[in-house]
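Scroll down for the structure; my scribbles are underneath it.
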Amino acid sequence: MLSVFLKKRKYHVIVASVLLVIWLGRSFKIHIPESVKDSDLEVVFWNASRDNGFEEAFNESSSIPDVLVLVESEKVRVKLLQLKYPNYYFYKLRNGITIFSKTAIQIENEITSNYKSTVINFKTQGINFYAVDVTGSPDVPRTWELDFVNKIIKKQEKTILLGDFNVPFESKTLKEIKANFNHAFNEKGNGFRETWFWNIPLLSLDHIWVSKDLNILKTQKISTFKSDHSMLKTYIKQ
């Protein structure tokens, strides 16, 4: 759009270079990950794009994490999975949100807004989790739905928020969350932060937020063509 008003090609290059530097500075992260022990907590989030379930997630993650949350997953068959993995726990909750855990979890709350944004509050291994799936409907203002999410998040210690927030990191609607939580990828990720779409770093719609009393050791964004969203994995010191 700017190039319409710029007649000389050299100015196009200058403007493009400035925008590139700004983009890289905001989105591209470089960190030295800390060593991860078997006792540390591995947490994974993935928008499964309806066609994927836990076994696809295990394959993409190249691991069986301690906690795994899927949203928009329509392929989960809890009874079959429980037979195949008898020592683990699977939960199918509201609006396509499903949870896997190596230890039993306690569901504290399941709330859905009038516009189908859902927040599941659960607890396992002494940590509070909020699984979030904000509606992607273009006719629903994001401010309404993030206000709904912010009102539900009551706990701010030993707490992890993870989900598809359907707003990028730069959004003002995340101001309250930013004040109380660290962004896992910003703290310990490498590469572009953006998770959407189809491995093109366009928007960071998926996030893992970690309360400031917990230590983030390492964060990975796992690119995949099985979903239009990349997978996020983070390790928390236990």
Side-chain angles (χ1 to χ4, degrees), residues 41-113 115-125 127-138 140 145 148-149 152 160-167 184-185 194-199 203-209 219-234:
L41 192 70
E42 180 182 344
V43 178
V44 173
F45 170 77
W46 191 28
N47 182 320
S49 191
R50 297 177 176 82
D51 296 327
N52 300 288
F54 284 114
E55 294 192 300
E56 287 85 359
F58 294 157
N59 289 333
E60 294 300 310
S61 176
S62 299
S63 67
I64 298 181
D66 295 288
V67 177
L68 167 60
V69 173
L70 302 180
V71 301
E72 296 189 23
S73 177
E74 297 177 357
K75 198 178 177 181
V76 174
R77 303 290 181 267
V78 170
K79 290 183 179 180
L80 293 176
L81 288 167
Q82 203 70 73
L83 289 172
K84 190 171 182 179
Y85 302 93
N87 296 322
Y88 300 141
Y89 300 85
F90 297 86
Y91 304 83
K92 193 170 185 177
L93 303 168
R94 291 190 180 192
N95 295 341
I97 296 181
T98 53
I99 301 171
F100 163 85
S101 177
K102 285 184 176 178
T103 57
I105 72 172
Q106 179 181 345
I107 305 296
E108 302 281 345
N109 215 343
E110 300 180 54
I111 303 177
T112 299
S113 75
Y115 302 98
K116 297 185 178 179
S117 294
T118 300
V119 180
I120 310 291
N121 177 207
F122 65 95
K123 188 172 183 178
T124 187
Q125 298 199 34
I127 294 180
N128 300 299
F129 288 83
Y130 290 91
V132 178
D133 187 20
V134 173
T135 183
S137 179
V140 178
E145 301 310 280
F148 161 78
V149 172
I152 294 172
I160 297 174
L161 322 179
L162 67 171
D164 181 355
F165 288 74
N166 257 308
V167 291
F185 195 88
E194 286 73 17
T195 59
W196 185 84
F197 81 134
W198 295 114
N199 301 327
L203 291 171
S204 53
L205 302 182
D206 309 277
H207 307 276
I208 298 179
W209 302 88
T219 303
Q220 296 173 275
K221 185 182 77 172
I222 301 170
S223 299
T224 174
F225 283 104
K226 286 195 172 182
S227 169
D228 57 336
H229 291 251
S230 297
M231 176 182 285
L232 289 173
K233 178 193 291 190
T234 194

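Looking only at atom types and distance, the side chain of E108 has no donor-acceptor partner in the side chain of Y130 under 3.5 Å away. Side chains of S49 and E72: no donor on one and acceptor on the other come within 3.5 Å. Looking only at atom types and distance, the side chain of E194 has no donor-acceptor partner in the side chain of S204 under 3.5 Å away. Side chains of T118 and N95: a donor on one and an acceptor on the other come within 3.5 Å. In this structure, a donor-acceptor pair under 3.5 Å is absent between the side chains of T219 and K233. In this structure, a donor-acceptor pair under 3.5 Å is absent between the side chains of T124 and Q106. Side chains of S63 and S61: a donor-acceptor N/O pair is present below 3.5 angstrom, by distance only.
Here the OH-CD1 distance, from Y89 to I105, works out to 11.0 Å after rounding to the nearest 0.5 Å. For the atom pair CZ of F122 and CD1 of I107, the computed distance is 7.0 Å after rounding to the nearest 0.5 Å. Within the model, atoms NZ of K221 and CE of M231 stand 13.5 Å from one another, a figure rounded to the nearest 0.5 Å.
L93 has its side chain within reach of I99: a pair of non-hydrogen atoms, C-beta onward, lies under 4.5 Å apart. Looking at heavy atoms from C-beta onward, I120 lies out of side-chain contact with Y91 at the 4.5 angstrom threshold.
Classification of the W209-H207 ring pair by plane angle, with boundaries at 30° and 60°, yields tilted.
Salt-bridge formation is not detected for the pair E55/K75: no Lys NZ or Arg NE/NH1/NH2 atom is positioned less than 4.0 Å from an Asp or Glu carboxylate oxygen.
For F90 and F54, the distance between ring centers is under 6.0 angstrom. Taking the six-membered ring for Trp and the full ring otherwise, the centers of F58 and F100 sit less than 6.0 Å from each other.
Side-chain atoms of T112 do not come within 3.5 Å of backbone N or O of K116 as any donor-acceptor pair. At distances below 3.5 Å, not a single donor-acceptor pair connects side-chain atoms of T195 with backbone N or O atoms of S230. With hydrogens and angles disregarded, no donor-acceptor distance shorter than 3.5 Å links the side chain of N109 to the backbone of N121. A donor-acceptor distance shorter than 3.5 angstrom exists from the side chain of W46 to the backbone of H229, with no hydrogens or angles considered. No donor-acceptor distance shorter than 3.5 angstrom exists from the side chain of D228 to the backbone of F197, with no hydrogens or angles considered.
Few gaps surround NZ on K102; more than 12 heavy atoms of other groups in view lie less than 6.0 Å from it.
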